[in-house]
Amino acid sequence: QVQLVESGGGLVQAGGSLRLSCAAAGRTFSSSVMGWFRQAPSKEREFVGSITYSGNYTYYADSVKGRFTISRDNAKSMVYQHMNSLKPEDTAIYYCAAKSGSYIVSNPTFYKDWGQGTQVTVSS
């Protein structure tokens with residue numbers, strides 16, 4: 001099991017940037033695929049991107065590709081999501097999640113451990 005705590009959300013103008021952080025605790029973190037998801041009001045939870053436990057491979061939703069970058073520091077048990085060129089439609093609660101195994105998947109049901117989320121609001 002992995003305990004996750006997100007931080008770094010806030011209010012930013014369109015075109016701006018934010019960096020989200022996810023602090024992890026648990027012995028399985030370094031062997032977990034880590035994902036970022038988001039949920040806007042009245043919408044389903046949406047896959048944003050994911051990174052393998054080695055950090056060598058990442059995969060992003062088309063809606064954020066080229067603007068968001070996920071990285072991880074296994075020595076510090078941290079995962080980051082750098083978000084550039086933010087748009088109002090990026091407004092959502094962002095969640096960090098952990099998945100066992102080595103494959104990246106976008107389906108949230110495969111991710112067992114979740115953080116409490118951090119709010120990102122992008123004003124136009």
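Values reported hereafter were calculated over all heavy atoms of this structure, with side chains retained and with hydrogens, waters and symmetry mates removed.
- Phe29 carries Arg72 over the face of its six-membered ring, with the cationic atom under 6.0 Å from the centre and within 45° of the normal.
- Side-chain heavy atoms closer than 4.5 Å link hydrophobic residues (I, L, V, M, F, W, Y) into clusters, and following such links, possibly through other members, connects Phe110 to Phe47.
- When all heavy atoms of Pro88 and Ala14 are compared, the pair lying nearest together is CD-CB, 4.1 Å.
- Rounded to the nearest 0.5 Å, atoms CD (Gln1) and OG (Ser100) are 12.0 Å apart.
- Looking only at side-chain heavy atoms (C-beta outward), Tyr59 and Ile70 stay at 4.5 Å or farther from each other.
- In terms of heavy-atom proximity, Leu11 sits nearest to Ser123 at CD1-CB, 4.3 Å.
- Taking the side chain as every heavy atom from C-beta outward, Leu86 and Gln13 never approach each other to under 4.5 Å.
- Taken from OG1 in Thr69 to CZ in Arg19, the straight-line distance is 12.5 Å, to the nearest 0.5 Å.
- Nearest heavy-atom pair, Ala24 versus Leu4, reported as atom, atom and distance to 0.1 Å: CB-CD2, 3.7 Å.
- Here the closest heavy-atom approach between residue Arg38 and residue Ala92 is recorded as CB-CB, 3.8 Å.
- For the pair Tyr80/Cys22, no side-chain contact is recorded, criterion being any heavy-atom separation below 4.5 Å from C-beta on.
- Considering all non-hydrogen atoms of both residues, Gly35 and Ser50 come closest at CA-OG, 3.9 Å.
- A heavy-atom distance below 4.5 Å is not found between the side chains of Met83 and Val12.
- Between Asp90 and Lys87 no salt bridge is recorded (no basic side-chain N to carboxylate O distance below 4.0 Å).
- For Val5, the side-chain contact (heavy atoms from CB on, under 4.5 Å) criterion is met by Gln116, not counting sequence neighbours.
- In this structure, the side chain of Asp113 does not engage the main chain of Ala98 through any donor-acceptor pair within 3.5 Å.
- Two residues are said to be in side-chain contact when any heavy atoms from C-beta on lie closer than 4.5 Å; Phe68 and Leu18 fail this criterion.
- Interatomic distance, CD of Gln39 versus CD1 of Ile93, reported as 7.0 Å (0.5 Å rounding).
- The backbone N or O of Val122 lies less than 3.5 Å from a partner atom in the side chain of Thr91, making a donor-acceptor pair.
- Residue-environment remark: NZ (Lys65) exceeds the threshold of 12 foreign heavy atoms within 6.0 Å.
- Phe37 pairs in a ring pair (Phe, Tyr, Trp, His ring centres under 6.0 Å) with only one of the listed residues (Trp114, Tyr94, Tyr95), which is Trp114.
- Shown here for Val33 and Thr52, the closest heavy-atom pair between the two residues is CG2-CA, 4.3 Å.
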(request) Might you work through the side chain to side chain contact (heavy atoms under 4.5 Å, CB included) test for Glu46 and Ser63, ending with a clear yes or no? (result) CA-CA 10 Å; Glu46 174 189 24; Ser63 57; 3.8 Å; yes

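- In this structure, Ser21 and Lys76 have side chains that are not in contact, with every pair of non-hydrogen atoms separated by 4.5 Å or more.
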(request) Determine, stepwise, if the pair Asn84 / Ser17 fulfils side chain to side chain contact (heavy atoms under 4.5 Å, CB included). (result) CA-CA 4 Å; Asn84 297 320; Ser17 299; 2.9 Å; yes

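- Tyr53 OH: 12 or fewer foreign heavy atoms inside a 6.0 Å radius.
- Remark: Ser71 OG to Met34 CE distance equals 11.5 Å, nearest 0.5 Å.
- Residues Glu6 and Trp36 are in side-chain contact: their nearest non-hydrogen atoms beyond the backbone lie under 4.5 Å apart.
- Residues Val105 and Tyr111 have side chains in contact (heavy-atom distance under 4.5 Å, counting atoms from C-beta outward).
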